[in-house]
Structure formats: structure tokens, C-alpha cells
Amino acid sequence: MATSVSGTETIVQRRVATPEGGSQQESPEKTRDDSSSTTGCLPRRFRRGSDRPKSRRPPSNKWLQQQIPACRPVFTAKYVFGLFIIVGILFLILGIVFVAATVGLRELEVEYTNCGPLETDNIQASSCEDYLRNISDISNSNRRNTGDCHCTLVFEVKDTMRYPWKFYYALDNYYQNHRRYLNSWDPAQLRGDNFRSPDSNCRPLVRYRDNDNEMNNASRLPIVPCGIIANSWFNDSFHYLHNEELNETIDLSRNNIAWKTDREVRFRNDSNLAADLEGTNRPPNWPYNVSEIGDGLGNESLIVWFRASAFPWFRKLYAHPRGDTDLRPGNYSLLITYNYPVDNSEDVSPSSSQSCPG
Amino acid sequence: MKVWVLTGDKLETAVNIGYASKQLVGGMDIMTISDQATITDVQRKLSEFCGRIDRGTTERHAGLVIDGKSLSFALDSAVEKDFLNLALSCKSVICCRVSPLQKAEVVKLVRTNVKDSITLAIGDGANDVSMIQAAHIGVGISGREGLQATLASDYAISQFRFLAKLLLVHGAWNYRRLANVILYSFYKNICLYMIEFWFAFLNGFSGQPLFERWTIGLYNILFTLLAPIVLGILDQDVSASTRLAQPHLYKTSQQNSAFNTKMFWKWVFLALFHSALLFYAVYFLLWHETPFENGQVFGIWYVGNTVYTAVVVTVNVKAAMVTQYWTPLTHFAIWGSIAAWFLYVLVYSHFWPTFPLAVEFVGQDFKLFTSFTFYGLFVLAPAVASLPEFMYIVFQKTLCPTSIDRAIVADVEGRGGKMIERDREMGLSVSYSVSSGSSTYGDGMDPGETERALTYKHGYAFSQEDHGSATKGTFVQRRDLVRFYDTQKGHT
């Protein structure tokens, strides 16, 4: 008895095969029906309709018989060969596209941790880094003076960086991806909803009072924006790039450096901020209130800082160059206001980026 | 696989049934132990038969018939080991006039004394219940004598002949499916969570996960849920008809080939390799946070989502490589899971601030889906991760295919039912060697065991007369007539 299942010819040598093909095939099996004894010895086909015992056959269809139409892959070489060729060609094309897109990318990284010479007359220190360290040793307050220490960084650009090129600052050995650092913020506050009661995630930077010698929590004012991420906001400034030989000065524009969705959804940017900030304090390291910086909570530099990095070394976009100029080869000097004390390294990196940065 | 018959019928009936079902064949040396009065008689008989075996009767030619009274002596603790040795040296054993308790005792004897044995007991009446429960696998036949056997059994079938399909098809399929589901579940979870381990080296071991918390939570519920379900319910390696036609394929599931220590560590190692590869591939590609077209940088959540995408795709592609039977549901499960992740990103990025959830995800959909790097990684990372294993599979199936691989190819090419000569010989040759890797006692079924049987194809009739018709010429004894009837060939 041969059965045919989805085109496969099978020669079943033993009679033990159960009916295959589901309900299509008339099964020769006899339903052992105990009730048949009452209707006598008449064969089933001769019994009248009402005497015919009900079939106890369970339902059977393609799903229950596990014969859903399917295809079986074969992994031997002759079947797979074509697939390999096709995928290989596709990936080759992909690779060529990647390489072509990145071949023109240029990057320049210059370290400025110990930048000098200092441009400020009344500071006697070898570098701004030393100066900042000494200051925090002397004063009780955490407040740092800003704008005190300027230095000039001179570097050489070897290859032209075509427009559009971007200006980044990079920090090394800075664990923005540490769990407690990352959790220490209040997103509702940044949106403008929750000034008075900052999230406890921001501990210990939830409330603060200047010159606080008492452990009196009630007299402390809530911090806006609270948390370590805000408190550690990068506040070095880079002013312009000057090229002596070409007598060119490139200004830096700080617009459009943050994600559009961040600017629109996550961070509040309205002019009523100063009034709403009554009864709150600024983070300990900040010399000014958040209402005093451009765009308030929607300050793009702040937003960029809040986009915490995944790795302990990272770059953040500082500025675009103003104007359409390329960065031509030559010696450039960069004026830096050095406010951010670090024990590790800070870099500055102008880099070009094109449609497919990689 | 050895088949023993334990029946309550008398000896002659049992022997006739044995001939009818090809347990005993003409030309076999039938060793009968019946009506023994004392235990010493039984012992004597056993040593006599053991001597016969030692002197050269091969297994194929030895059959043992023992009745209930002698069996009660043979199951005595002094004698049972000899009895077992003799029984295991015979091709088949028929016990007649056995009480239900003795049935269970015979099963327990084999179960406890034969190392790595798996016993199956099948019966249809209330007297079989103890036997069914004593065996590893109890199969009950529903119907004629009621439902007691089925109520006590692990598997219930409606006719005895379905046992073959139960074992050869469903048993083998379910073994493979179960092994795949278990191993795959370990694999997919190790793959994802080891990435947190690799990331720990970069986040100062602070315990910061790379992925957002609900994304992690939904991994097993949304993105990799359907793949093991489909592997466990729908997957078939060799089709049912081929498995029935080539019973020697059953041997692989007897030998623990799909689920053993080596396989487990293979999958775990693969999971570790994949997790390391996917994390570090994304890491090296994105380590300077090479920004987007407009220069903006991305942060930890973007990197996390990229890695997560690669993981979801890789893990589902692995399921695709394991599946041998692609139904429309399988396609939906595997490709649908990947699509579900994309849908999830799309929807979840807009939760905040309407819901107080997923503030990290705001803007992720836009940045991910407009980034060429993301799409490149989405295609490349799983491909690179899967490639070594794919190459290994192709080489293995082309250069040294197992019998299952050959059967699959035969299925696809439409010649699954015919016996493949080489496999038959291999099946035969393996069956008679005591292989150390074998974990169940016994040999596989012999596909070609018919040659010694007599080829008479008569109908049969039982008559009260023992000597047949008294006509001139030959007469055939009733018992010989019965034995000519072969239940395994189709009627003509």
C-alpha cells in the first residue's frame, strides 16, 4: 500500500503505517466500536443510517498530523554554493561602499590638558590645570571662578579638512557610563516639571546651600538641575581658531550640536525659567544659575553633555565652524578658557565628517 | 532494541503468537523452560541453555520461552542474574502464563540490572498496569478491555500498530525537538547577558547595563519567544514516512546524540563567542562614537540598541540554522521576531513623556533608522557571527554526513522511502558490535530479517484436530500452518 505525501513516493514495506494524508484517504482501520454489538452482525455498509455507529475517529487535519506544507533546507555543498556566491558578492559591494565612504575622513586630535602659555597675566602657574587645583585647595567653596585662566593651544593641520568639518572635545578615562553617574539625574526636572522636589536618584546632590556648615537638610534648597551629570558639566570654552600665515580666524558656532528630539522633547527651553527657579539653587560646581545661561535648560551644550557616553573615552560635539570654510593646512592657534579640572586627559579634535562617517 | 512478550496465555498460544508476529522464526533454537518444579531444576535448565549459547548459538537464532511457574523461580534473587544473562543473549523472549506482578518484576529486572537501559511496556488491560508503571515508558492501548491501561500509562494509543510510529517518528522527533529547545534557551540567554559582562570591563564594573531595563526584560517575552516554541512544536528533521521506512535512523536518538555534555558545552561556547563578537564588533566600530552626518554624537543607549539589534538578529538566525522544517509559522516566528524588535523601537521611542517610562529611548528610533552604520551592522554582525558555524555545518554535511543527514537529503530529493543499501548495511553492522558509546542496551532493528523465515503464504485455519486432514499425502501440523502466517507482509 503506497501512500503519497506531498509528492514523495514512499514504499511502505510494513503495514504499520498509520493513515497519512489526513482526511483525504479512506482509512482501512476499523473503529472498535463497542456499541456495534447491539446492532447485530450486519456489516457496516448495510446498516441503515440511524443504526450506523458514530465514528470515534479523532479529528485529523494537516496541522494535527504534522504535515503542514513546508520546505526543508539542505546544507550540503551543492545546494549552498549558489547562496554563498550571491551573499559574497553582496557583501563585497557593501564593503566597497563602506570603504569608499570612509576613505576621505580625516581626524586630528590634539591634547591640551597642560596647555600653555597662559594668556592671563595675573596668574602664576605653569598651566591652568595647576591653577585650578590650587584654587580648590584654598577656598572652602566648591564654586570655581570661571573665565580666569586662558591658554593658547598651537597645533598644525597637515591635510585639508573639507567643509563640513566639526569641532569636538574629547575626554579620556572619564566614566560617564558608571551606573551611579548615569542614574544621577532627574529627567522630569530637565523637562521643567519638577523643580521643587528633585528625584532621589540625584543623591547626594539634591539640595544645597552655599557655605553650609550645618547638617540641616531643611534649610537647603533644591538643586536645579540636580545630580552628578549636571554638576560635572564640561565648561571649558574654545573661542576661535587663528591661522597666522593665512591671516584667517575661524569662529565656532554652537548651534545645532544636540539631537533635535532632545531639544524638543527632553529639555525645556523657555523664557519663564528665572521666575520658576525661585527657591532653588544651582549645582555646587556651577557659578551661575541655569537661567543665566543661554537657552536655560535647553542649552545645547548642556544637552550634549547629558547624552552620556558608552565608553570611558569619548568625544562630544562642541561646535560647527561658522561659515563655509575648509580647514586648510597650517599652524593654528586656539584660545581656550580652561575651567574644567581633570586628572586625566582632555583633547580637542577637529574632524571632518561626511555622509557616511565610519 | 529487544522485544519481549509477556502474556497470560498458555504456552502454545504464546508460541503461536510469537511465530505470527515474527518474534520467533523457523530455524531458531527455541529454548523452553516450562513446568519446572523446583528452583534447582530451573537453574539446571538455565545453565544448559547458557552452555548452548556459549557453544555457538548466535543471538539471531536463540529464542527463550518460559512460563509463569518457572519464571517465579527464575526471578529469585539467586537465579535472576543467570536468567537475565540468558534472556539478553536471545533475540526474543516469550513469557507465558505470567501474572501481573511477574510482568512488573521482569521489567524491573531489566531496568535495574541492565546499565543505561530504557524499558518500554505496552499493554491493553488492567493486568498490564503494574508492568506499565514499572517501565521507563508505559504505553497503554485503549479500547477492547477498557481504559485502565491508558489511565496508568505515559502514552496512550488506540491500536498496537501505532507503537511503531510512536517510537520511530514521534519519539525521535520529540527527542530532537526537546534537545534543541533546551540548548537554544541556554544559548540565547547566555548570548545576551554575557554582553553585560564584556561591558563591565568598560564601565568600571559598576553594574551599569548596556541596554534599557525593559528592553532586557522583554527579550525573552517578545523577541526570542517564538523561535524556541516553533523549534519545539513544528520542527522535523526526517519526514515521518522515511523514518518508518528506515528504522535504523532511530539509533541516533538512542545514543544521546542530540543532547549530551559535549553538545551542551558546544552551544555554551558558541553563545560566548557570539556575545564577545557582537559586543566587540560594535565597540570597535563605534568606539570613538563616530558621529552621524551632522556631527552629533550618540551615547550609551544608541550603542546599546545597536548591540541589542545585532543580538536579536544573530540569535534568530541561529534558530533558523537549526530548523530543518520551514513552515509558514516558522517564517513568521523567526523573521517576525526581528521585525518585532524594529516595531518595538519605533513605538517605545515615543513613550516618554506620555508615560513615565523610557526616557532613554526618546529619539532612538530616528537616530537608529537613519544611520547607515546601524544598517550595516545589522546585516554584517550576524553574518560574521553565523559564518563559522555555517561553514562547519556545510563541511560536515557534505564530507561526513551522518545517516540522518543522508536521510534528509533523500527526503528532499524524494527518495526517502526506499532503503538505501549502504545505510542498511551500516545499520546491520553497528547492531552486532558492542559499541562503548552506546547508552542503551541492544541493537537497532534489523531491516532485513526476513530471509530465514519460510515463505509460505497460506491462509490459516484452526481445527480441533491436531493432525490436520487425514487425506493421503502430506499433512501439515496445525502449529506449522500457523507459523507460516506472516503478519508483517501484506495480504494478497
Side-chain angles (χ1 to χ4, degrees), chain A residues 1 3 5 7-18 20 29 32 66 68-77 80 87 91 94 98 164 166 175 177-180 182 187 191 256-262 265-266 304 307-312 314-317 320 353 355-358, chain B residues 143-144 159 161-162 164-165 202-204 206-208 210 234 236 239-242 244-245 285 287-300 303-304 324-327 329 353 359 362-363 366-367 372-373 376 379-380 383 393-394 397-398 408-409 411-412 414 416-418 488 490:
Chain A
M1 161 173 87
T3 62
V5 172
T8 312
E9 281 286 318
T10 64
I11 301 170
V12 180
Q13 288 216 335
R14 301 164 67 190
R15 214 168 57 115
V16 292
T18 51
E20 289 177 337
E29 76 188 10
R32 305 233 178 274
Q66 299 195 46
I68 309 168
C71 74
R72 298 172 180 276
V74 184
F75 285 124
T76 52
V80 156
V87 169
F91 277 19
L94 202 67
F98 263 126
K166 318 283 188 300
Y175 283 80
N177 57 7
H178 195 283
R179 182 177 52 88
R180 290 177 66 184
L182 266 183
R191 199 174 145 73
N256 205 24
I257 55 177
W259 287 20
K260 186 156 156 296
T261 43
D262 281 352
V265 177
R266 295 215 297 174
V304 166
R307 184 140 294 280
S309 153
F311 307 122
F314 56 86
R315 282 184 201 158
K316 294 206 187 298
L317 182 61
H320 299 280
S353 73
S355 64
C356 174
Chain B
R144 196 134 266 205
Q159 297 190 23
R161 63 194 172 94
F162 296 159
K165 196 168 188 198
L202 293 175
N203 65 15
S206 61
Q208 172 64 33
L210 192 55
L234 296 177
Q236 304 174 13
S239 71
S241 43
T242 309
L244 283 172
L285 263 171
W287 81 320
H288 260 305
E289 316 228 346
T290 317
F292 303 109
E293 184 178 321
N294 53 13
Q296 292 163 4
V297 294
F298 43 75
I300 180 174
V303 173
Q324 292 281 355
Y325 193 72
W326 282 90
T327 65
L329 220 58
V359 60
V362 174
F366 182 69
K367 287 297 186 193
F372 187 67
T373 326
V379 168
L380 278 177
I393 290 177
V394 170
K397 291 202 194 238
T398 313
I408 293 177
V409 176
D411 251 347
V412 170
K418 302 189 192 114
Q488 290 179 359

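So that the names make sense, note that chain A is the first sequence line, chain B the second, and so on, each numbered from 1.
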Do A:Asn256 and B:Gln296 come close enough that some side-chain heavy atom pair is under 4.5 Å?
yes
For B:Phe366, is it the side chain, the backbone, both, or neither that has a heavy atom closer than 4.5 Å to a heavy atom of chain A?
neither
Heavy-atom distance under 4.5 Å to chain B: side chain of A:Ile68, backbone, both or neither?
both
Can you see which heavy atom on A:Arg307 is nearest to which on B:Phe298, and at what distance?
CG-C, 4.1 Å
Looking only at B:Leu380, B:Leu234, B:Leu210, B:Ile408, most heavy-atom pairs under 4.5 Å shared with chain A are made by B:Leu380
Can you see which heavy atom on A:Trp259 is nearest to which on B:Val362, and at what distance?
CZ3-O, 4.2 Å
Among the options A:Asn177, A:Leu317, A:Thr261, pick out the one with the most heavy-atom pairs lying under 4.5 Å from chain B.
A:Asn177
Sub-4.5 Å side-chain heavy-atom contact between B:Gln236 and A:Arg72:
yes
Pick one of side chain, backbone, both or neither for A:Val265, based on which atoms fall under 4.5 Å of a heavy atom in chain B.
both
Which bit of A:Arg191 comes within less than 4.5 Å of chain B, counting heavy atoms only: side chain, backbone, both or neither?
side chain
Name the residue from B:Ile300, B:Val303, B:Asn203 that meets the side chain to side chain contact (heavy atoms under 4.5 Å, CB included) definition with A:Phe311.
B:Val303
At a 4.5 Å cut-off on heavy atoms, which part of A:Pro73 comes close to chain B: side chain, backbone, both, or neither?
both
A:Tyr175 versus B:Leu202, closest heavy-atom pair with distance
CE2-O, 3.4 Å
